[in-house]
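Dropping a structure here in structure tokens format, bear with me for questions.
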Amino acid sequence: MMRTHTCGELRKENIGVRVRLCGWVDTVRDHGGVIFIDLRDRYGLTQVIFDPRDSQEAWDLSQTTRGEYVIQVEGDVEARPPEMENEKLATGAIEVRCDRIQILNKSLTPPFPLDDKGVSEDLRLTYRYLDLRRPQMQEHMRKRHEITQAVRRYLDQHQFTEVETPILTKSTPEGARDYLVPSRVAPGAFYALPQAPQQYKQLLMVAGSDRYYQIARCFRDEDLRADRQPEFTQIDVEMSFITREDIYEVIDGLCAEVMQISGHGNITLPIARLSYEDAMNRFGTDRPDMRFGMELVELSEVFRDTGFNVFKKVLEAGGVVKAFNARGLGAVPIRVMDEWTGLAQEAGLGGLAYIRVQEDGTWKSPIVKFFSDREQAELKETLDIRPGDLILFAADKRPVADGALGRLRLLAGRAAGAIPENKYSFVWVTDFPLFMRDEEGRLQSMHHPFTSPHPEDMDKLESDPLSVRALAYDIVLNGVELGGGSIRIHDPDLQKRIFHLLGIPKEEAEDRFGHLTRALAYGAPPHGGIALGIDRVVMMMIGGRTIRDVIAFPKTQKAMDLMMGAPAPVDDRQLKDVHLKLTRPRGGEEKKPVDE
RNA sequence: GGGGGCGUAGCUCAAUUGGUUAGAGUACCAGACUGUCGAUCUGGGUGUUGCGGGUUCGAGUCCCGUCGUCCCCGCCA
């Protein structure tokens with residue numbers, strides 16, 4: 001037996017017991033005579049002690065240990081002298097007096113201290129196995145495991161069956177860029193890694209699975225962000241014979257379960273709902289952070305016949321004037337205002353109009369002089385303007401004004417300290433538009449082409465497609481999109497009609513989606529589902545800033561695996577096997593894995 | 001594809017207007033020390049200032065390029 005206990009286990013009750021422990025040397029405190037070693041494993045830290053009077057041989061060996069050496073020790077659990085107890089340690093009431101030690105493995109000096117948080121991330125990623133050894137990262141991995149387990153348990157209790165779907169599948173040019181895998185046996189043909197198991201899960205509904213879920217790995221070859229990795233994991237769910245309400249109910253319960261298991265207590269159910277239209281109007285985004293106010297207010301009516309030319313022109317052109325009250329930011333430095341103006345311009349605004357309300361109630365602003373008394377009075381009333389407030393205006397086409405103010409609202413909320421850190425505000429955003437226009441002005445699915453139109457808008461599909469709502473929904477937490485889904489189309493004729501509206505020629509639709517429309521034609525039940533990004537869910541539950549902290553081996557912003565050195569060139573033999581020829585010399589040198 | 005930040009000892013950082021031998025803490029190495037738990041004390045600098053080029057009597061510092069990493073926009077059905 002390598003060990004009788006773990007390093008987090010021993011307590012006063014174990015005093016007098018002979019034990020064997022294994023772990024990593026956390027710190028060595030050598031007093032010339034007695035030597036203390038903090039022994040660490042996943043479960044905790046135990047102080048072991050070597051005294052030459054107990055065993056000269058063991059003492060000699062213990063003196064040669066260094067940080068991160070892997071050792072096995074054997075000795076007796078002792079009470080610490082009363083004044084020497086360490087309250088910071090769970091095992092702090094005891095220590096292990098050792099007369100045997102074996103060095104199981106030595107360690108080089110670690111490239112960075114394992115007890116330090118301020119280490120550059122590329123170094124952590126290069127030596128991820130050491131980074132993951134840190135108690136904090138172990139806790140993250142454990143949390144992730146517990147959440148995943150809770151999800152499985154919950155869905156199992158709700159009659160869901162976990163089904164695995166292929167990783168090697170077919171490219172669907174719509175949506176994100178695919179990762180491609182060349183086929184050896186079909187020269188010139190490629191598999192694609194799934195962006196999501198979308199079509200498979202719908203086919204499982206046709207197959208009568210009724211309730212499916214999967215903790216599914218997804219791949220998207222797009223640029224990375226703090227909350228986006230090229231491969232990520234979804235809690236993928238699909239249900240038959242349901243309406244949106246059934247999805248909300250199941251996922252409400254799931255969110256409550258995850259909050260509970262993560263130690264955040266009970267949340268009030270049902271989770272609030274907000275239409276896409278309201279979200280855009282009130283928060284300027286489809287993923288509103290509902291932890292604070294500062295809601296956007298439309299002022300077009302207040303300024304309907306204003307003398308202020310900038311607003312006037314926008315309103316005449318069919319645009320809107322909107323604003324929000326950044327309460328308490330009236331004294332914000334001009335430097336910050338300049339920065340925000342720059343950001344507003346980046347968001348498409350011509351400029352950023354504002355009023356800084358002084359403590360005495362007077363308005364300091366370059367534009368107020370153009371406002372009539374009535375306009376000023378109505379402004380004050382509508383925005384509930386008080387001393388010390390900051391009012392930020394946007395005048396433009398509605399989406400531009402909303403988008404800009406939506407971003408500014410977040411900055412203002414943060415600057416004002418108006419966002420409570422320990423609050424968890426879930427919200428459903430519902431009734432997304434079915435379509436949007438792409439850069440070339442063509443109709444495109446906002447969610448995906450299998451999303452059911454809202455039944456009330458069915459007659460506008462051809463006449464006014466952009467106004468058609470979808471039976472689509474997102475679940476949002478504190479301004480972060482955790483997931484989204486929809487009720488799907490189960491009528492093959494409607495599905496074909498949507499493909500047609502999207503400008504996909506019949507033949508191409510058959511080629512790309514024939515398997516799906518054909519399946520729908522064989523008695524597909526009404527169905528719908530949702531997918532939640534589990535990386536983001538876990539990130540939110542630990543209060544993290546990036547999903548890299550909850551992924552064991554994440555990639556850098558350039559999609560590199562610094563530890564493995566992936567991606568990397570392959571040799572000509574491998575290329576030949578899959579019938580590939582490079583049109584460009586191999587770019588860059590091979591990333592050397594860590595030496596030594 | 002675009003904007004911005006960072007890059008100096010193993011690690012985290014400092015280095016005046018461009019100035020002479022690039023420092024600090026920590027880690028590491030050696031020695032001392034029998035109750036520490038961020039051990040302490042003494043001694044030791046271990047450096048291609050990311051890389052390449054340029055300007056200059058002189059570059060960590062200025063200029064150009066390049067690489068890496070992070071944040072954001074675009075992109076992410």
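Naming convention: chains lettered A, B, ... in sequence-line order (proteins, then strands); numbering from 1 in each chain.
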Review point. According to a strict under-4.0 Å criterion, is Arg225(A) in side-chain N/O contact with OP1 or OP2 of C73(B)?
Key: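 So the side-chain polar atoms of Arg225(A) do come within 4.0 Å of the phosphate oxygens OP1 or OP2 of C73(B), strictly under.
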Review point. When only distance counts, do a donor and an acceptor, one from the side chain of Glu95(A) and one from the base of G35(B), lie under 3.5 Å apart?
Key: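 Pair found.
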**Study point:** Ion pair check, Arg469(A) and Glu277(A), cut-off under 4.0 Å
**Key:**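 Glu277(A) and Arg469(A): not salt-bridged.
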Check your understanding: If you find the nucleotide of RNA chain B closest to Phe450(A) and the one closest to Gly118(A), which residue's nucleotide is nearer the 5' end?
Key ->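 Closer to the 5' end of RNA chain B: Gly118(A).
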Practice item. Would you mind checking if Arg228(A) and Glu222(A) are paired as a salt bridge, meaning a charged N to carboxylate O distance below 4.0 Å? Key: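 No, no charged N to carboxylate O under 4.0 Å.
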Exercise for review: For Glu121(A) and G68(B), give me the distance from atom CD to atom P, rounded to whole Å.
Suggested key: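 It works out to 16 Å between those atoms.
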Show me the donor-acceptor pairs, under 3.5 Å and distance only, between side chains in residues 336-350 of chain A and residues at least two apart or in other chains.
unit_1: Thr341(A); atom_1: OG1; unit_2: Met337(A); atom_2: O; d: 2.7
unit_1: Gln345(A); atom_1: NE2; unit_2: Gly350(A); atom_2: O; d: 3.3

Review point. Rounded to the nearest Å, what distance is computed from the CE atom of residue Met436(A) to the P atom of nucleotide C76(B)?
Key: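 To the nearest whole Å, that distance equals 7 Å.
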Point to revise | Minimum heavy-atom distance between Ile71(A) and Val25(A), given as atom pair plus value | key: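 Smallest heavy-atom distance, with atoms named: CD1-CG2, 3.8 Å.
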Check your understanding: What is the distance, rounded to the nearest whole Å, between atom CD of Glu440(A) and atom P of G74(B)?
Key ->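 These atoms are roughly 17 Å apart.
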Exercise for review: For Asp30(A) and U34(B), give me the distance from atom CG to atom C1', rounded to whole Å.
Suggested key: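 One finds 10 Å between C1' of U34(B) and CG of Asp30(A), rounded.
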Review point. Once you round it to whole Å, what is the distance between C1' of C73(B) and CG of Leu224(A)?
Key: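 After rounding, the gap between these two atoms is 15 Å.
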Point to revise | base_contact_polar (C72(B) base, Arg407(A) side chain, donor-acceptor, <3.5 Å) | key: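 There is none.
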Check your understanding: Closer than 4.0 Å, any side-chain N/O of Gln557(A) to the OP1 or OP2 of C71(B)?
Key ->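 Affirmative; the distance criterion is met.
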Practice item. Looking at every strand, decide which applies to Asp221(A) at a 4.0 Å heavy-atom threshold: base, sugar-phosphate, or nothing. Key: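 Asp221(A): no heavy atom of the nucleic acid under 4.0 Å.
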Point to revise | Inter-nucleotide P distance (A59(B), U55(B)), Å rounded | key: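 Going atom to atom, P in each nucleotide, I get 11 Å.
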Exercise for review: Please state the P separation for the pair U16(B) and G54(B) - nearest whole angstrom.
Suggested key: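 Rounded to whole Å, the distance is 25 Å.
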Exercise for review: When you get a sec, tell me which of U12(B), G10(B), U36(B) is the closest nucleotide to the side chain of Pro111(A)?
Suggested key: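 That would be G10(B).
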Review point. In whole angstrom, what separates Glu174(A)'s CD from C76(B)'s C1'?
Key: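 From Glu174(A) CD to C76(B) C1': 14 Å.
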Check your understanding: Will you find, in the side chains of His448(A) and Arg488(A), an N or O donor that is under 3.5 Å from an N or O acceptor?
Key ->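 Yes, side-chain donor-acceptor contact under 3.5 Å.
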Check your understanding: What about Arg97(A): does its side chain form a donor-acceptor pair under 3.5 Å with the base of G35(B)?
Key ->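 When only heavy-atom distances are counted, Arg97(A) does reach the base of G35(B) through a donor-acceptor pair under 3.5 Å.
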Review point. What nucleotide among C70(B), C76(B), C37(B) has an atom nearest to a side-chain atom of Leu125(A)?
Key: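 Closest nucleotide among those given: C70(B).
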Check your understanding: In terms of side-chain geometry, is the basic nitrogen of Arg287(A) or Glu481(A) positioned less than 4.0 Å from the acidic oxygen of its partner?
Key ->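 Not counted as a salt bridge, because no side-chain N and carboxylate O are separated by less than 4.0 Å.
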Exercise for review: Taking atom C1' in both A24(B) and A15(B), compute the distance separating them and give it to the nearest angstrom.
Suggested key: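 Those two atoms are separated by 10 Å.
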Check your understanding: Should Arg548(A) be listed as having a side-chain N or O under 4.0 Å from OP1 or OP2 of C71(B)?
Key ->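 For C71(B), OP1 or OP2 has a side-chain N or O of Arg548(A) closer than 4.0 Å.
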Practice item. Counting heavy atoms from C-beta on, name the nucleotide in G35(B), C29(B), C11(B) closest to the side chain of Arg66(A). Key: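 Output: C29(B).
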Check your understanding: Rounding to the closest angstrom, what is the interatomic distance between U20(B) and A30(B) at atom P?
Key ->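 Comparing P positions in U20(B) and A30(B) gives a spacing of 35 Å.
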Review point. Should Arg220(A) be listed as having a side-chain N or O under 4.0 Å from OP1 or OP2 of C75(B)?
Key: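 So the side chain of Arg220(A) is outside the cut-off, no N or O lying under 4.0 Å from OP1 or OP2 of C75(B).
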Practice item. Output yes when at least one side-chain N/O atom of Lys88(A) is less than 4.0 Å from OP1 or OP2 of C37(B), else no. Key: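 No, no such contact exists.
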Exercise for review: Return the nearest nucleotide to the side chain of Met84(A); candidates are G35(B), U34(B), A30(B).
Suggested key: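 The nucleotide sitting nearest to the side chain is G35(B).
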Practice item. Identify whether any heavy atom of Gln195(A) sits under 4.0 Å from a base atom; if not, whether one sits that close to sugar-phosphate; answer base, sugar-phosphate or nothing. Key: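 Counting heavy atoms under 4.0 Å across all strands, no contact is made by Gln195(A).
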Exercise for review: Indicate, yes or no, whether a donor-acceptor pair under 3.5 Å links the base of C37(B) to the side chain of Asn86(A).
Suggested key: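 Answer is yes: a donor-acceptor pair is held.
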Check your understanding: Which part of the nucleic acid does Thr27(A) contact within heavy-atom distance under 4.0 Å: base, sugar-phosphate only, or nothing?
Key ->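 Result for Thr27(A) = sugar-phosphate.
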Review point. Hey, does the side chain of Arg29(A) come within less than 4.0 Å of U36(B)'s phosphate (OP1/OP2), counting only N and O?
Key: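 So the side-chain polar atoms of Arg29(A) never come under 4.0 Å of the phosphate oxygens OP1 or OP2 of U36(B).
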Check your understanding: Can Phe112(A) be called stacked on C11(B) when the rule is centres closer than 5.5 Å and an angle between planes below 30°?
Key ->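 Aromatic stack with C11(B) absent for Phe112(A).
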Review point. Roughly how far apart, to the nearest Å, are G7(B) and U61(B) at atom P?
Key: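 Here G7(B) and U61(B) have their P atoms 12 Å from each other.
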Review point. When the nearest nucleotide of RNA chain B is assigned to Arg545(A) and to Gln63(A) on a heavy-atom basis, which residue is associated with the more 5' position?
Key: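 Looking at the nearest nucleotide for each, Gln63(A) comes out on the 5' side.
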Review point. With sugar-phosphate meaning primed atoms plus P, OP1 and OP2, does Ile49(A) contact a base, only sugar-phosphate, or nothing at under 4.0 Å between heavy atoms?
Key: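 Result for Ile49(A) = base.
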Review point. For the pair made of CG in Leu408(A) and P in C72(B), what is the distance, rounded to whole Å?
Key: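 Taking atom P of C72(B) as the reference, CG of Leu408(A) is at 17 Å.
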**Study point:** Phe450(A) ring center within less than 6.0 Å of Phe513(A) ring center
**Key:**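 Judged by ring-centre distance (under 6.0 Å), Phe513(A) and Phe450(A) do meet the cut-off.
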Check your understanding: For the side chain of Asp115(A) and the base of G38(B), is some donor closer than 3.5 Å to an acceptor across the two?
Key ->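 Counting by modelled atom types and ignoring angles, no donor-acceptor contact under 3.5 Å is found here.
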Check your understanding: Of the nucleotides C76(B), C11(B), C37(B), which one has an atom closest to the side chain of Glu222(A)?
Key ->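 When the side chain of Glu222(A) is considered, C76(B) is the closest of C76(B), C11(B), C37(B).
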Practice item. Starting at atom CG of Leu108(A), determine the distance to atom P of C11(B), rounded to an integer number of angstrom. Key: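 Going from CG in Leu108(A) over to P in C11(B) covers 14 Å.
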Point to revise | Distance-only polar pair, side chains of Asp236(A) and Tyr212(A), donor-acceptor under 3.5 Å | key: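 Indeed, the side chains of Asp236(A) and Tyr212(A) share at least one donor-acceptor pair under 3.5 Å.
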Point to revise | Separation of the P atoms in C41(B) and G25(B), to the nearest angstrom | key: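 It comes out at 12 Å once rounded to the nearest Å.
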Review point. C1' atom, U21(B) versus G60(B): distance in rounded Å?
Key: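 Result for the C1' pair: 15 Å, nearest Å.
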**Study point:** Pairing partner of U66(B) (Watson-Crick or G-U wobble, both distances under 3.5 Å)
**Key:**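 Across any shown strand, U66(B) pairs with G50(B).
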Check your understanding: C71(B) and A9(B): how far apart are their P atoms, nearest whole angstrom?
Key ->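 Per the computed distance, 23 Å lies between those P atoms.
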Check your understanding: In terms of side-chain heavy atoms of Ala226(A), which of G35(B), C71(B), C29(B) is nearest?
Key ->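 Nucleotide nearest to Ala226(A)'s side chain: C71(B).
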Check your understanding: Is any side-chain N or O of Ser120(A) closer than 4.0 Å to OP1 or OP2 of U12(B)?
Key ->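 Indeed, a polar side-chain atom of Ser120(A) lies that close.
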Check your understanding: So, are Arg40(A) and Glu68(A) salt-bridged, with charged N and O less than 4.0 Å apart?
Key ->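 Looking at Glu68(A) together with Arg40(A), the answer is yes, because their closest N to O distance falls below 4.0 Å.
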Exercise for review: Check every strand shown and say whether Ala347(A) touches a base, only sugar-phosphate, or nothing at a heavy-atom separation below 4.0 Å.
Suggested key: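 The residue Ala347(A) makes no contact with any strand.
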Review point. Can you find a donor-acceptor pair, distance only, under 3.5 Å between Arg80(A) side chain and C37(B) base?
Key: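 Side chain to base: pair present.
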Point to revise | Closest nucleotide among U36(B), A27(B), C11(B) to the Thr109(A) side chain | key: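 Given the options U36(B), A27(B), C11(B), the side chain of Thr109(A) is closest to A27(B).
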